[in-house]
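Only one structure is covered here, and it is reproduced in the block below.
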Amino acid sequence: MPALDLDTQLSTETDLDADLAAERAHLTTSRAALARMRERAESLFATGDQVAGDAYAAETLGRTLARRVAELADDPTTPLFFGRLDFGGAPNNSTTDNGTTNNGSTDNSTVEGRTTDSRIRGDGTTAGGPASDPTAPDTSGDHHGRRYHVGRRHVTDERGEPLVLDWRAPVSRSFYRASVRDPQGVAVRRRFGFSNGVLTSFEDERLDRGEELGTTSRILTAEIERPRVGPMRDIVATIQPEQDELVRADLADSICVQGAPGTGKTAVGLHRAAYLLYLHRERLRRAGVLIVGPNRAFLSYIAAVLPALGEVEVEQATVEELITRVSVRAVEAPAVAALKHDVRMASVLRHAVQAQIGTPTESITVSDGSFRWRIGVEPLHRIVEETRREGLPYGTGRERVQARVVSLLQRQAEARRAESPSDAWLRRMSRCRPVLDFLDAVWPALTPEGLMHSLFSDPDRLAAAADGLLSDAEQAQLIWAKPPRTPKATRWTAADAVLIDEATGLLERLSGFGHVVVDEAQDLSPMQCRAIARRSEHGSVTLLGDLAQGTAPWAATDWRESLAHLGKPDAVVVPLTIGFRVPAAVVAFANLLLPALAVDVPPAESLRHDGGLDVRTVTDLTAATVAEVRAALAHDGSVGVIAADDAVDGLRAALAAAGVETATADDVAAAERVTVVPATLVKGLEYDHVVVVEPAAIVAAEPRGLHRLYVVLTRAVSRLAVLHVAPLPAPLVGGSAG
């Protein structure tokens with residue numbers, strides 16, 4: 001390319017400076033507009049009780065307005081927009097969207113190009129209503145000559161015209177999907193660089209001239225590699241086309257993402273939840289959206305993502321927090337816990353419930369003043385069998401049997417008296433002793449705790465329920481050596497709680513969610529999957545995980561089996577193998593473990609060739625760890641020290657003695673840059689610089705120790721230091737200098 005003469009160079013620099021100044025002015029205007037939107041919402045919230053018709057309406061309106069105020073919160077350290085789309089072709093009139101006229105000058109008094117048939121609003125719909133297919137690329141031609149700033153949420157001016165379009169709006173899809181091969185009408189895609197909320201730079205891709213930066217974009221690379229301190233951030237500025245396709249999957253579709261380390265599977269799941277809430281807000285507001293994570297530390301780490309996108313009404317829980325019918329007050333042998341998590345236990349419990357249903361052996365007679373009503377054995381038998389065949393929850397079945405018996409009594413009374421009995425009469429009949437005695441004989445009342453207590457206290461009852469399912473030895477593992485006197489006196493274990501939830505599902509219908517995102521799903525047992533299935537029976541699921549990172553005794557080895565237990569056997573399984581977060585050297589080192597993990601997953605690849613890997617044999621682990629942490633603190637970003645669980649306290653004490661303040665994995669908002677994390681709690685977390693202390697001890701601490709080590713080694717997003725005295729695990733030997 002020929003060198004520019006001085007006048008041309010100065011002119012180009014002047015144009016760039018003017019462009020940057022115009023974009024900064026637009027950011028200032030947008031922030032002021034968002035502040036006005038929030039002020040209006042706050043004003044409505046303050047006066048809402050004065051316009052509501054009654055107390056209920058006031059409470060409902062108050063909740064709605066409070067949610068709106070929270071959704072409009074602004075974080076000055078986060079940019080309101082991160083990209084811009086300039087559509088090519090002849091403009092529809094002399095002024096394009098966001099106030100840019102056709103000659104390129106800026107006119108902030110005009111924020112939207114006007115046409116006679118269509119207007120794009122801040123929520124991504126047209127003036128006439130939502131687009132017919134809001135998930136399809138919007139390349140109809142209505143955007144010719146227009147310009148849109150794309151950001152985390154929509155921002156409008158005082159007239160309601162858009163200054164920033166939500167990243168989930170139909171037209172915004174082109175920001176992620178447009179390419180030289182398929183420009184979707186986009187002439188220029190602009191990315192913005194920010195530092196603490198201040199717009200510092202921009203970078204243009206002229207798709208109309210065949211210019212596409214892709215992953216060589218400086219701004220994109222800088223955002224991906226930006227040091228990570230504190231909770232996880234959203235990735236709306238860096239979503240890749242293959243991620244965007246998953247994010248925008250239809251609400252009716254359940255999907256499973258097999259994601260290698262650093263491929264953004266967690267972010268994909270969270271952003272899909274945000275996208276679905278945008279597209280189906282009222283439906284999902286009623287039905288609810290649930291995020292299920294492996295532990296509270298992980299949920300704390302991801303908690304800020306959805307609120308940053310304006311989504312404040314999403315429930316987050318661990319599986320244990322979903323299953324709260326009984327308190328967990330005991331532990332048991334790992335083998336017993338593994339047996340209770342086995343899917344065969346679902347059949348055992350179903351048989352135990354079905355065994356409670358009896359067969360009528362005698363008629364019932366009910367006295368009613370001067371009348372006596374009688375129901376024979378045959379109609380009673382028919383009632384029980386018809387109800388059994390309907391496959392209702394056991395408790396609903398009992399109510400159905402009771403109602404049908406009373407209905408037969410009602411028919412007799414109507415035939416004899418020539419009038420319909422009153423509601424009070426029907427209630428009296430349903431509670432009379434002959435009817436209740438009949439119910440208790442053929443369909444007795446059950447509680448989940450009572451069922452479990454009787455099953456594990458009575459070898460004969462367990463043997464009948466487990467016949468053909470569990471061996472004698474397995475049944476012996478489940479029987480209590482000294483049964484508690486009552487269900488209430490029982491000290492339940494975590495595995496018992498899962499079984500009690502299964503029993504609850506057999507007895508009654510549980511409320512569910514419209515969409516459930518399950519992260520680190522490879523560690524869910526079949527019975528835990530079934531617990532989630534009961535809460536997503538009429539909704540869809542986004543399953544996220546990596547089979548190579550399965551560390552639980554019952555860890556999944558085939559996603560199809562997990563999806564079947566979740567009640568979504570037809571869900572598509574999509575692999576993500578290209579990593580944007582973990583450097584290539586770290587990925588290559590961790591991949592040495594894959595052949596020993598006995599899972600069929602494609603190895604991860606990384607597009608990052610920065611970062612570093614240092615594997616060293618040391619003589620004093622504690623001293624070497626302190627020195628490595630001090631060296632890491634010379635760089636930007638977070639530092640994670642990961643060790644076997646029993647070594648954590650000693651390392652924290654040594655760092656404190658050396659004057660290095662540390663945080664725990666649960667304290668993601670702590671000011672300290674250094675976190676000391678037990679290996680068992682690090683799943684899903686990430687740190688710029690990771691110090692792994694004694695890999696052999698991590699492997700030796702549990703049966704699936706190599707899987708745990710694979711998790712540990714892939715937590716670094718810039719630099720990884722591995723310090724060891726004992727020899728490295730065999731699969732890693734020869735994989736690095738050290």
Side-chain angles (χ1 to χ4, degrees), residues 221-233 261-262 264 266 297-298 301 579-590 604 606-618 620-644 647-648 650-652 654-656 658-679 681-695 698 708-724 728 732 735-738:
T221 300
E223 174 62 21
I224 290 174
E225 297 178 1
R226 188 151 52 106
R228 295 318 198 225
V229 178
M232 180 181 177
R233 297 196 302 266
T266 296
F298 174 84
Y301 177 64
F580 304 95
R581 301 287 298 125
V582 184
V586 175
V587 168
F589 184 61
S606 177
L607 295 180
R608 291 184 54 183
H609 298 288
D610 62 331
L613 170 67
D614 182 14
V615 182
R616 298 200 312 272
T617 303
V618 300
D620 187 332
L621 275 175
T622 302
T625 300
V626 172
E628 186 64 33
V629 169
R630 287 192 182 282
L633 288 172
H635 301 275
D636 291 333
S638 56
V639 181
V641 179
I642 308 174
V648 165
L651 291 172
R652 289 199 73 191
L655 287 165
V660 178
E661 296 297 324
T662 62
T664 65
D666 293 321
D667 194 4
V668 295
E672 288 78 14
R673 288 174 54 199
V674 181
T675 306
V676 183
V677 194
L681 290 182
V682 79
K683 193 168 294 183
L685 307 182
E686 62 179 24
Y687 304 92
D688 288 282
H689 190 122
V690 167
V691 183
V692 176
V693 182
E694 199 61 280
I698 294 173
R708 182 75 67 187
L709 182 59
Y710 181 77
V711 174
V712 168
L713 294 177
T714 52
R715 300 306 94 200
V717 297
S718 291
R719 297 167 300 279
L720 172 65
V722 179
L723 309 178
H724 64 101
L728 289 173
L732 297 179
S736 64

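If you read the sequence from its start, that first residue is 1, and numbering goes on from there.
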Option among L709, V682, V711 that satisfies the side chain to side chain contact (heavy atoms under 4.5 Å, CB included) test with I642: V682
For V586, which of L720, V722, V690 qualifies under side chain to side chain contact (heavy atoms under 4.5 Å, CB included)? L720
Could you tell me which non-hydrogen atom of [X] sits nearest to which non-hydrogen atom of [Y], and how far apart they are?
X	Y	answer
I698	A644	CG1-N, 3.7 Å
A716	V582	O-CG1, 3.4 Å
S606	V587	CB-CG2, 4.0 Å
P695	L728	CG-CD2, 3.9 Å
P583	G611	CG-CA, 4.1 Å

Quick one: does [X]'s side chain have a donor or acceptor within less than 3.5 Å of a partner on [Y]'s backbone?
X	Y	answer
R616	A624	no
R715	K683	no
R608	V717	yes

Are [X] and [Y] packed together at the side-chain level, in the sense that at least one heavy-atom pair is separated by less than 4.5 angstrom?
X	Y	result
D688	D636	no
L651	T662	no
V618	H724	no

I'd like to check the side-chain contact (heavy atoms from CB on, under 4.5 Å) partners of [X]; sequence neighbours left out, ordered by chain and number.
X	value
A588	none
A654	T622, V626
V648	R652, V676, P678
T266	M232, L270, F298, I302, D519

Holding to salt bridge (Lys or Arg N to Asp or Glu O under 4.0 Å), I want the full list of residues that pass it with R719, two or more places apart in sequence or in another chain. none
Return the [atom1] to [atom2] distance between [X] and [Y], rounded to the nearest 0.5 Å.
X	Y	atom1	atom2	value
Y710	L732	OH	CG	12.0 Å
E628	L633	CD	CG	10.5 Å
L723	D614	CG	CG	7.5 Å

Compute whether any side-chain donor of one residue and acceptor of the other, for S638 and H689, lie under 3.5 angstrom apart. no
